[in-house]
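Below, chain A is the first sequence line, B the second, and so on; all start at residue 1. Just so it is clear, the values below take in all heavy atoms, side chains as well, and ignore hydrogens, waters and symmetry mates.
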Amino acid sequence: MSGKKWHRRFGIIFVIQHMILLISVLLLIISGVPLKFPDQAWAHWVIWLQGGMAARAVIHHTAGQVLMALGVFHFVYYIIFERKPVFFRRPILINPTDLKNIWQHLLYLVGRRGDIPPMGRYTWFEKLDYVGVIWGIAVMGITGMTMLYMEFALKFISMSWLQVLWAAHSEEAMLATMFLLVIHMYNVHFNPERFPMSLTWINGKISMEEMEKYHPLELEELVAQGLISPEDQHGGSPDEPAGDREKQEQPARPGAMGTLEDGNA
Amino acid sequence: MIIILGLPFSAAGWEPSMGELHFPIPGGIGDQPCIQCHLEGMGTVIPQEGLPRKYSITTAYASYRDSPHGRLRAMGERNAPDCKDCHLTMEWSQILPTEHPDSPINPRNLPRICARCHGEGMLNTRVSEGSMHLDFKRRSLMPSDPVDTRYGFLPGISKMEKSYFMGPFDLVVGVTFLFLVLTVGTLSVMGIFVLLDLYRKLMERRETQNRSAA
């Protein structure tokens with residue numbers, strides 16, 4: 001790891017949010033997915049390992065409520081504390097450039113283009129991940145609550161509609177699980193650039209090489225604002241990671257999303 | 001011991017090998033599960049040629065297995081109900097159609113059946129507006145099959161079930177289908193990107209290694 005230069009991409013608040021997301025979703029998967037495969041021996045094993053059906057219910061319901069609380073917290077935090085002058089210029093929002101980026105990225109991957117399209121703070125596939133999480137929490141949260149508080153839900157909607165919602169819960173669960181196990185696992189573990197594991201989820205940092213490759217527009221802005229010096233970008237002492245220095249410069253807002261946000265706030 | 005059709009009959013002593021029964025079973029049959037006989041291909045009542053198919057609960061049972069109740073039961077949740085817990089077969093003195101006011105699964109009585117496990121919160125709810133027996137595998141997005149092939153023992157699309165339908169579309173199937181498209185679409189598009197990305201990065205790595213070796 002020494003010799004590489006690092007950039008602090010996410011503050012501690014976001015690393016903790018991801019930890020909670022990770023733990024609650026894993027618990028939800030192991031306590032929920034076996035119910036879709038009651039004929040399989042492994043499903044019974046997984047349930048047995050977590051202490052039987054009664055424990056499964058407690059785990060699933062608790063993790064679900066923690067996940068929903070996280071969703072609310074994230075939304076409130078984002079609206080209140082991540083102050084940006086113009087809402088629609090927030091870097092996480094999807095815009096037409098992303099469509100162009102998808103197409104150009106595909107051209108790059110099939111060898112019809114020399115380089116990856118220059119992207120800003122969030123690449124199109126990171127935005128897709130993020131949209132997936134929001135969609136997932138919303139769908140699973142709403143449909144899951146109608147199961148947990150069925151007596152209440154049934155006062156307003158009929159049994160037929162409840163079963164429509166439950167079908168959605170079951171199907172969306174499979175979509176989310178498979179996306180996480182296949183696509184997200186590749187992105188953060190099996191991707192040759194990151195194998196065996198990206199450490200961003202623990203320390204919030206990514207390498208300067210990755211910044212240059214995937215987030216050149218953000219890097220340009222950071223350099224222009226003086227938050228990253230050109231030496232950090234192309235040279236400098238490897239013993240002094242860029243992210244650490246930047247942290248020392250800005251101790252007032254440890255929870256901030258990143259340097260770009262700081263610069264504009 | 002009771003007398004039916006002039007013959008002495010004890011439910012507890014009855015075995016599937018003894019042959020068919022052409023009458024309602026008072027008090028149920030010991031602890032034999034309903035599907036012992038009422039499932040096509042199992043037991044003695046249904047598989048024989050020429051017997052009325054209406055005694056089969058195959059499709060109803062399949063839908064039960066797919067339901068939250070059935071899944072929880074199959075996973076070993078002892079509180080989850082099976083047939084007799086809602087249909088009250090152990091208390092049958094005669095088999096009543098759903099429309100009969102005394103039937104336990106009559107829409108007017110159903111909330112009370114649910115309340116036995118789910119508590120009194122179920123009493124004034126819209127739980128009877130819909131069937132517990134949704135057989136996903138046999139439902140289609142635009143149902144046009146004869147109802148009996150889709151529901152077997154069940155009477156077909158009842159008045160309560162009409163609210164599943166939006167125009168000609170079956171909403172449960174529609175939602176499931178929508179998510180299937182979403183899942184297959186997302187995973188295949190992203191899967192293509194993953195494979196291309198992996199291939200490209202491995203090629204790049206090999207090139208770098210070749211260059212440093214040379």
Heavy-atom contacts under 4.5 Å, residues 133-143 of chain A to chain B: A:Trp135, A:Val139
Among B:Val175, B:Leu187, B:Asn79, B:Val184, who wins on heavy-atom pairs under 4.5 Å with chain A? B:Leu187
Side chain, backbone, both or neither of A:Leu128 within contact of chain B (heavy atoms, under 4.5 Å): side chain
Those residues of residues 104-111 of chain A that come under 4.5 Å of chain B on a heavy-atom basis, listed by number, are A:His105, A:Leu106, A:Tyr108, A:Leu109, A:Val110, A:Gly111
Residues from residues 168-178 of chain A approaching chain B under 4.5 Å (heavy atoms): A:Ala168, A:Ser170, A:Glu171, A:Glu172, A:Leu175, A:Met178
Under 4.5 Å to a heavy atom of chain B? For A:Phe179 that would be both
I'd like to know if the side chain of A:Tyr186 reaches the main chain of B:Leu195, judged simply by a donor and an acceptor atom lying under 3.5 Å from each other, with no hydrogens or angles considered. no
What residue, out of A:Phe156, A:Phe190, A:Phe37, has the most heavy-atom pairs lying under 4.5 Å from chain B? A:Phe156
Beyond-backbone contact of B:Phe193 with A:Ile102, side-chain heavy atoms, under 4.5 angstrom: yes
Is it the backbone or the side chain of B:Leu178 that comes under 4.5 Å from a heavy atom of chain A, or both, or neither? neither
Sorted by chain and residue number, the side-chain contact (heavy atoms from CB on, under 4.5 Å) partners of A:Pro38 (sequence neighbours excluded) come out as B:Arg71, B:Ala74, B:Met75
Which portion of B:Glu204 sits near chain A, non-hydrogen atoms under 4.5 angstrom: side chain
